[in-house]
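To start, the structure under review is shown below, and the notes come after it.
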Amino acid sequence: MLKVLKFGGTSMADATQYRKIRDIVKSDPARRIVVVSAAGKRFSEDNKVTDLLYLCDAHMRYGVSFDSIFDMICERHIGIANDLGLKVDIRSELEVLRERIQAGLNREELVSRGEYLSAILMAEYLGFPFVDAKDWLFFHYDGTVDQEKSYAKLREIVGDGCAVIPGFYGVMPDGKIRTLTRGGSDITGALAAAALDADVYENWTDVSGILMADPRIVDNPHPIERATYSELRQLSYSGAQVLHEMTVFPVREKGIPLNIRNTNEPDHPGTLVSEEFKEPKDAQQRFITGIAGKTDFSIVTISKKGMAGAVGTLREIVEIFEDNTVPICYTPSGIDCVSLVCPSEKLTPHLYSVTESLRREIKPDNIKVVDNISIIGVVGRKMAYRAGTSGKIFAALGEQGINIRMISQGPDELNILVGVDSKDYAQTVRVLYNAFVK
Ligand code: ASP
């Protein structure tokens, strides 16, 4: 039996959290592989070490001293080492790092050092070997992970043993360190679990599983006890923030269950995610699994007489977005018109170029761009092939006077997406939660 555990930033924030982690790991001999994030916030106004490292890099670039920021990083790690009585020479590690930053250490490696330092400390504290991510997590030149090579190497290094592994980074074919996107330690954990064919991937964070809605918007939302990989993917993509949205892929490929747990409440079962499962008889008969959303989308609507029957127009439109490196999140369409929903931050810098190309190539009758849109996803495996969900959504929003700007239902009927003005975002989430969950 093998369990791969990943501990997030708040779980790694100070010595008290390290003690909780040791209790969790030592309570089960199957818990042999531990992937760690950089130290996160201890309290709400605190700083994450990764953010401080990005700041050091920015200061270096602008020729401003980064010493005071780096001192905060030193204090945090030396404090943890002293508090736990660790022998590792963390001061020398930090001084070498300071010198390397001064000498122009590249950004990717610089910002990865939070995970590196965390892993060194945790390895000694647990008495597990430190296995550097640069020795097994290999990227291709295009930034995707070389899974085959990485998995084989990790298996070779770890065998049946134990290890503490830093999350968030790996190595490029030229030997340079490269990071995943922010929050990427979740992916490192999933890759390690897949590489070692773990029985379960436990992702330890500071909430007792995924909640049915954002707790900043809805008071005390219920936790989700069980979800399928597809539901988790849809919730994460729609904006649920517990896990990095790409976490699910490596474990799903291997059919490894994913258990989201709370370091501060280790007895809580959290959320269990798998391909499918029998609904427990005593399960709460809730119709939906969760609600998640994101703000700051723009909708580009292109209308042209006869477009509905024309061959290739959609491809030409999509190519224009592609040429401008603007990702398209959703494409609701009508007769002779199609809308492309994009993150505003990605569209805005290229807006003139995109609209100009659309005018030239597509010759539309009209192009309309609307900003400040929020997209909310209502996700649930029980919605599929059952009548009434969309009716309930529209009735609930209509009763509250919320105007729906866009609707899209996934063909798998696992989610229904509604776009609203961002001013209505929080209210929409509350109305939907009350309609389906309360
Ligand atoms: N430390 C990195 C971040 O803050 C990665 C992680 O914690 O997953 O994004």
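The basis for the numbers below is simple: all heavy atoms, side chains too, and nothing from hydrogens, waters or symmetry mates. In what follows, residues are counted from 1 in the order of the sequence shown. Start at 1 and go down the list; that is how both ligands and their atoms are numbered.
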> When you measure from atom 4 (O) of ligand 1 to every protein heavy atom, which one gives the shortest distance, and what is it?
Replying inline: Arg182 NH2, 2.9 Å

> Can an N or O of Thr50 be found at a distance shorter than 3.5 Å from an N or O of ligand 1?
Replying inline: yes

> Taking heavy atoms and a distance under 4.0 Å, where does His244 meet ligand 1: side chain, backbone, both or neither?
Replying inline: neither

> For Lys48, is at least one N or O under 3.5 Å away from an N or O on ligand 1?
Replying inline: no

>> Could you check whether atom NZ of Lys20 has more than 12 heavy atoms from other residues, nucleotides or ligands sitting under 6.0 Å from it?
In response: yes

> Could an N or O of ligand 1 be found under 3.5 Å from any N or O of Phe168, whether backbone or side chain?
Replying inline: no

>> Under 4.0 Å from a heavy atom of Ser185: which atoms of ligand 1 are those, numbered in the order shown and with their elements?
In response: 5 (C), 6 (C), 7 (O), 8 (O)

> Less than 4.0 Å between a side-chain N and a carboxylate O, is that true for Asp57 and Arg61?
Replying inline: yes

> Tyr169 and side chain to side chain donor-acceptor pair (under 3.5 Å): which partner among Asp132, Thr188, Thr179?
Replying inline: Asp132

> In terms of heavy-atom contacts, does CZ of Arg91 have more than 12 from other residues, nucleotides or ligands at under 6.0 Å?
Replying inline: no

>> For Asp296, give me all partners under salt bridge (charged side-chain N to carboxylate O under 4.0 Å, His left out), at least two apart in sequence or on another chain.
In response: none

>> What protein heavy atom lies closest to atom 5 (C) of ligand 1? Include the residue and the distance to one decimal.
In response: Glu115 OE2, 3.3 Å

> So, are Arg381 and Glu276 salt-bridged, with charged N and O less than 4.0 Å apart?
Replying inline: no

>> Which residue in the set Asp424, Val418, Ile373 passes side chain to side chain contact (heavy atoms under 4.5 Å, CB included) when paired with Arg405?
In response: Ile373

> Considering only the protein, which heavy-atom contact is closest to atom 7 (O) of ligand 1, and what is its distance?
Replying inline: Ser37 OG, 2.9 Å

> Could a heavy atom of Gly9 be found less than 4.0 Å from some atom of ligand 1?
Replying inline: no

> Is Gly183 near ligand 1, meaning one of its heavy atoms is under 4.0 Å from it?
Replying inline: yes

